[in-house]
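Worksheet for the structure shown next.
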Amino acid sequence: SKFHLLYNAEVNIFGRKNYNANADYDYIDEINRKQTLHFDVVAVDDSIRSYATGNITDSSAFTLSPNFVYQGDIRLNAWREFLTFDGTVKMNYDCERIDNNWLAFNSEIDPKEVMIPVSGNPLDIDDNKLLAGIMMKKDSTHLYTSFLNKPKKYSDLAVFPVEGMLYFDNTLREYQIGSLEKIQNDEVPGNLLRLSKDKCISSGEGKIDLGIYAGQVKIDAAGFINHDLVKDSVELNVMMILDFYFPKEVLDMVSTAIYNSPDLEPADLSADAYVKALPELIGEEQANEAFRNLSLYGEYKKMPKELDKSLVLSEVNLIWDSSTHSYISVGQIGIGNMGSTELNRYVDGKLEFVKTRSTNEFVLYLQVGFEKWYYFEYKRNTLFTVSSDEAFNFALKDMKPDRRRNEIKGEAPLSVVPANERKRRYFLQKFDIEEEEYDEEDDE
């Protein structure tokens, strides 16, 4: 096979199948730069195969590529094309807002395409735990990027975890962590985290755990998350599934109002957030079938069972506000479907998820055209709701309490409770949202 050439060798030959030596070796990287390595031991193993071992110190300033500095042991196996590196690697970037730690690994390395394995439990040079992903501090004060850094606390929540391979994309000039398949083709499902070498910005795409645990209300999200480390600002562009108990005949009033409103623009189902998120939320096979139906018919031929939930938001933009410990929506909200009713419309409204040490809450306000609005507030296993539609309000008030309460073994009961319109007013005032004139006329 003759993969390797060693030179400047000092060799002791003991027999036809036995020798030892030391020698030099040229490592040629992706830009054809040559670096000379020295193997202290060149010998024959028990299988009568040649091997060589050496060590690279930090002072030698050796790099696997212009973007990765390395120190540690090296091994040459005559029957393998690439060298094996057992040591630590450090990225070559300069961003004061994020530490640059040594990552321990053991792997063969292709010098023309350097990929470093990142396990689910990465360690540094001193065997301290490192984290890879976008994290939420345990006290929920803020989100931060950990690109193979030491955690602020080991109990911090991984909002966007990644593992797989560490790679530098020369075209985009960014470090990436994700599965090999995702790095090679970002159209496949999976989490991918990027760190710009020049702009001090981290960005991710894939499944996102908002860290909001609201009892029986199940929340799944996928799409994009971006962290500007200089401004310390976090923005999300996601598709979201909210699944919770709500009396069907009353929830149908909401979907009917949205479906029949002539003032609502159709949602863009070709938007990146939707295209990227759907395979993450329902699986690649089901998503491909859904995309085929959308292309042929403009709608699902049959609602995927994974989307047949209380409320699916096809697109929503969120920002993280550290002062309020909450994700807050910006702009219009795309409504995909409610249950089996397909809607695909943009509506005005506001969505806020609040995360503190002691509570997980959210409020969803939907303004359906110029006629109706709907308000939902979840707090401590209670879903408060009120609307400008009196038929909606009366339907809930006239319902027997057991119809507005859902019990699941092993979980706290969820109660749907008619609310006072003041809740909605306070919420709008919180964000300085002006009420429409028709609201004032209705109150009069």
Side-chain angles (χ1 to χ4, degrees), residues 1-94 100-119 122-128 130 147-148 164-170 173-177 180 183-184 197:
S1 50
K2 298 183 180 178
F3 291 129
H4 308 286
L5 173 66
L6 295 100
Y7 62 97
N8 288 343
E10 296 179 355
V11 186
N12 296 306
I13 300 174
F14 303 112
R16 185 164 60 92
K17 297 180 180 180
N18 188 13
Y19 76 94
N20 65 38
N22 64 81
D24 291 336
Y25 179 91
D26 288 338
Y27 177 91
I28 301 175
D29 67 13
E30 63 188 35
I31 60 172
N32 291 320
R33 182 181 56 180
K34 181 174 70 175
Q35 298 174 86
T36 301
L37 304 176
H38 183 74
F39 287 106
D40 301 307
V41 175
V42 184
V44 180
D45 66 14
D46 294 338
S47 301
I48 321 299
R49 298 183 299 185
S50 293
Y51 71 93
T53 60
N55 181 266
I56 300 172
T57 63
D58 185 26
S59 60
S60 65
F62 172 79
T63 60
L64 297 172
S65 77
N67 303 292
F68 294 103
V69 181
Y70 176 81
Q71 60 176 319
D73 295 333
I74 51 173
R75 182 180 176 95
L76 178 155
N77 294 311
W79 61 97
R80 303 290 298 179
E81 183 177 1
F82 304 124
L83 302 183
T84 296
F85 294 81
D86 184 4
T88 57
V89 68
K90 180 184 282 190
M91 290 167 278
N92 186 17
Y93 67 82
D94 185 20
N100 192 358
N101 298 97
W102 290 96
L103 169 70
F105 78 101
N106 183 348
S107 176
E108 288 187 354
I109 294 296
D110 178 354
K112 300 301 182 182
E113 189 175 41
V114 175
M115 289 198 176
I116 313 295
V118 178
S119 70
L123 303 174
D124 71 2
I125 194 171
D126 298 314
D127 289 335
N128 296 310
L130 302 176
F147 209 90
L148 297 168
M165 292 289 181
L166 170 63
Y167 173 72
F168 184 80
D169 188 307
N170 285 291
R173 291 189 56 77
E174 63 185 20
Y175 291 94
Q176 301 177 350
I177 302 176
L180 178 61
I183 288 173
Q184 292 176 334
K197 187 171 183 176

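Numbers for residues simply follow the sequence, beginning at 1.
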In Val89, Leu123, Ile125, the residue satisfying side-chain contact (heavy atoms from CB on, under 4.5 Å) with Leu103 is Val89
Show your working on side-chain contact (heavy atoms from CB on, under 4.5 Å) between Leu148 and Ile177 and close with a plain yes or no.
CA-CA 9 Å; Leu148 297 168; Ile177 302 176; 3.9 Å; yes
Steps toward side-chain contact (heavy atoms from CB on, under 4.5 Å) verdict (Val118, Leu130)
CA-CA 10 Å; Val118 178; Leu130 302 176; over 6 Å; no
Test side-chain contact (heavy atoms from CB on, under 4.5 Å) on Leu76 and Phe3 and set out the steps.
CA-CA 10 Å; Leu76 178 155; Phe3 291 129; over 6 Å; no
Tell me the salt bridge (charged side-chain N to carboxylate O under 4.0 Å, His left out) pairs involving [range], sequence neighbours left out?
| range | result |
| --- | --- |
| residues 60-85 | Arg80-Glu108 |
| residues 6-18 | none |
| residues 41-66 | Asp45-Arg49 |

Can you tell me which residue pairs pass the ring pair (Phe, Tyr, Trp, His ring centres under 6.0 Å) test with a partner in residues 31-69, sequence neighbours excluded?
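Residue pairs passing ring pair (Phe, Tyr, Trp, His ring centres under 6.0 Å), neighbours aside: Tyr25-Phe39, Tyr27-Phe62, Phe68-Tyr175.
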Side chain of [X], backbone of [Y]: donor and acceptor closer than 3.5 Å?
| X | Y | answer |
| --- | --- | --- |
| Asp124 | Asp126 | yes |
| Asp169 | Gln176 | no |
| Asn100 | Met91 | yes |

Run the side-chain hydrogen bond (donor to acceptor under 3.5 Å, both in side chains) test against [X] and tell me which residues pass, sequence neighbours left out.
| X | value |
| --- | --- |
| Thr84 | none |
| Asp110 | none |
| Gln71 | none |
| Lys90 | none |

Would Tyr167 and Leu180 satisfy side-chain contact (heavy atoms from CB on, under 4.5 Å), going step by step from the backbone distance to the final call?
CA-CA 9 Å; Tyr167 173 72; Leu180 178 61; over 6 Å; no
Using a 4.5 Å cut-off on heavy atoms from C-beta on, say whether the side chain of [Y] contacts that of [X].
| X | Y | result |
| --- | --- | --- |
| Pro66 | Phe168 | no |
| Asn92 | Thr63 | no |
| Ile109 | Ile116 | yes |
| Asn128 | Asn101 | no |
| Asn67 | Asn170 | yes |

Which heavy atom of Ser50 sits nearest to which heavy atom of Trp79, and what is that distance?
O-CZ3, 3.6 Å
Taking all heavy atoms of Pro111 and all of Ile28, pick out the closest pair and write down the distance.
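Nearest pair, atom of Pro111 first, then Ile28: CB-O, 3.3 Å.
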When rounded to the nearest 0.5 angstrom, what distance separates [atom1] in [X] from [atom2] in [Y]?
| X | Y | atom1 | atom2 | value |
| --- | --- | --- | --- | --- |
| Ile74 | Asp86 | CD1 | CG | 11.5 Å |
| Asp26 | Leu6 | CG | CG | 9.5 Å |
| Gln35 | Tyr70 | CD | OH | 13.0 Å |

Going by side-chain contact (heavy atoms from CB on, under 4.5 Å), name the residues that satisfy it together with [X], two or more places apart in sequence or in a different chain.
| X | answer |
| --- | --- |
| Ser59 | Thr57 |
| Leu5 | none |
| Asn12 | Phe14, Asn20 |
| Pro117 | Phe105, Ser107, Met165 |

